[in-house]
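We count ligands from 1, going down the list as the structure has it; atoms in each ligand are counted the same way.
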Amino acid sequence: MLHTNLDINEKGHLTLAGRDTVELAEKYGTPLYLIDEKRVREKMRTYVDAMKKYFGRGSVPLLASKALCFKKIYQIANEEGMCTDIVSPGELYTASCAGFPMEKAYFHGNNKTDEDIALAIKLKIGCFIADNREELDSISRISKEEGVVSRVILRVTPGIDPHTHAAISTGKVDSKFGTAIETGQAIELVKYILTLPNINLTGIHCHVGSLCFDSKPFIDAADIMVAFMAKIREETGVTLTDLNLGGGYGVRYIETNPHIDIADNIRQVAEHVSAVCEKEKFPYPRVLLEPGRSIVADAGVTLYSVGSVKTITGYKSYISIDGGMTDNPRYALYGSDYTVLNASDANAEPDMIATIAGRCCESGDLIQENVKIKKPERGDKIAVLVTGAYNYSMASNYNRIPRPPVVMISPDGDDYIAVRRETYEDLINLDA
Ligand SMILES: *Cc1c(COP(=O)(O)O)cnc(C)c1O
C-alpha cells in the first residue's frame, strides 16, 4: 500500500496501524479522522534523532502546529523532545493548556497584535519569530513594560522558489511574509533591531515552501542564509547563532509521489551547512527546522459513508459522501492530490471512475476527481488516505456541519478520542 501503516485484512477492509477502519467508522460514526499515534511518534523521533546526529549543537525540530493542532499532539511532541511553532494566540493557548513547556514554543505569524504579544510574554514564550518592524517595536515595548528580554528570530525571504528550485527568483521575494534579503531591507531591519531595548536577536528564519521532495531548496536557502549571517557579523559585529530553515518536506499522497528518506536529507543539509560555514568562516549555527506535514500526514486516514452513486448519462459519475470541504478543503483550495478507496471492499478491482463529492451546497465541494474505485453501495465506507495534515486543522462549520472527531490509535493498538465530535449544541453555543 501507499504507506507501511496501511493494509487490507481478511474481510477486505482497509486497516490503519493494524486496526479495521470500517469497524472504527461503525463505532465512532462518520466522517471520522483516524490518526496513527505510533507513526506520529516515529516521524518525530526521526527528526529529533537525525537533527541531533547531523546538526548537533542543540539543533531541534519544531512541530508546525498549523498542520494538526489539539492538546494531545502537543503532549506527544513534548514527550518526543520536539519544540513547536505556533502561529496564532489560539495555537499558543492550546499548547499552554496541554502543558507544553512554553520555553520550547516559537511564535510565528505575519501580524501579531499587541494582545497576542502580551499574551505570549505572559505565558513565557521561548522565542518570537518576528516578521516586521511594527511588530518588533511592539515586542520591544511590551517586553520593557513587563521587565523581560524577549528572544527574537527574524523572518527573512531568501528569494527561492521551491518548485522550480531557482534561487533568487524575485517572485519569491514578493511575499506577505518576512523581509527580503535581496532588496537590502533585511540588513537594515537587523541594524534597527539591534538598537531596540529588551530584545535579544539570536537568529534568522526562512521558509522556502512546502512539499519539497528533496533537499535542494534547503541547501540553496542555507547558502543564502549563512552568507547573510556572515554579512550581519561583518556590518554589525554581532554573530547570530540560530539558523531556522522552516518547514516543508513533502509526503506521498499518491503512488507517483516519491518516498523521502528524511534522515538522509537532513544529513545532506547538515553537510552543506558545514561547507558553507567553512567557506564564510562562520561558526556552525544551531539549526532549527519546522516540519508539519511530513510528521503527521501519513498517520491520518479519513473515513466517510457513501450516500449515493450518481452516473450522469454521457458525462461522469459522482459518489456523494457525508463529509467534504468542511473536513478537507484542500482539493477545493488547491486541487490537492489524494488517494481514495472503497475501504469496505479494498481488495476489489476498481470498476468505475468517479468524482468524490461532499455534502455542502457548493459545486466546488469535491474531495477528488477521476478516482478509479470499486463502485460502492450506500453505507459503504470511503477512505481518503494521508489526511493527517491540514484536514482537521483546516476544518470549518460551513453549512453548520459539525466537525468530525479525531480518534487516535495508540502504539499498543487501542483507539481513543483525542477530539470529540461537535454536536448541534456546540454549533449554536455562541449564538446570542
Ligand atoms: C507551513 C509552514 C511550516 C510547515 O510546513 P509543512 O509543509 O507542513 O512542513 C513551517 N514553517 C512555516 C513558517 C510555515 O509557514
I'd like to check whether [X] has a polar contact with ligand 1, where a contact means an N/O of the residue lying under 3.5 Å from an N/O of the ligand.
X	result
Glu290	yes
Arg293	yes
Pro291	no
Tyr390	yes

Answer yes or no for [X] and [Y]: cation-pi contact, defined as NZ/CZ to six-membered ring centre under 6.0 Å and angle to ring axis within 45°.
X	Y	result
Lys112	Phe107	yes
Arg233	Phe282	no
Arg293	Tyr390	no
Lys53	Phe55	no

(request) For atom 5 (O) of ligand 1, grab the closest protein heavy atom and report residue, atom and distance to one decimal in Å. (result) Ser210 OG, 3.4 Å
(request) Establish, yes or no, whether a centroid distance under 6.0 Å links the rings of His108 and His205. (result) yes
(request) Could you tell me if the ring centre of Tyr249 sits under 6.0 Å from that of Phe218? (result) yes
(message) Between ligand 1 and Gly248, can you find any atom pair, the residue atom being a heavy atom, that is separated by under 4.0 Å?
(response) yes
Which of the ligand 1 atoms, numbered from 1, are nearer than 4.0 Å to a heavy atom of [X]:
X	result
Lys66	1 (C), 2 (C), 3 (C), 4 (C), 14 (C), 15 (O)
Gly292	6 (P), 8 (O), 9 (O)
Arg155	13 (C)
His108	13 (C)

(message) Assess whether a salt bridge exists between Glu145 and Arg141, defined as any Lys/Arg side-chain N lying under 4.0 Å from an Asp/Glu carboxylate O.
(response) yes
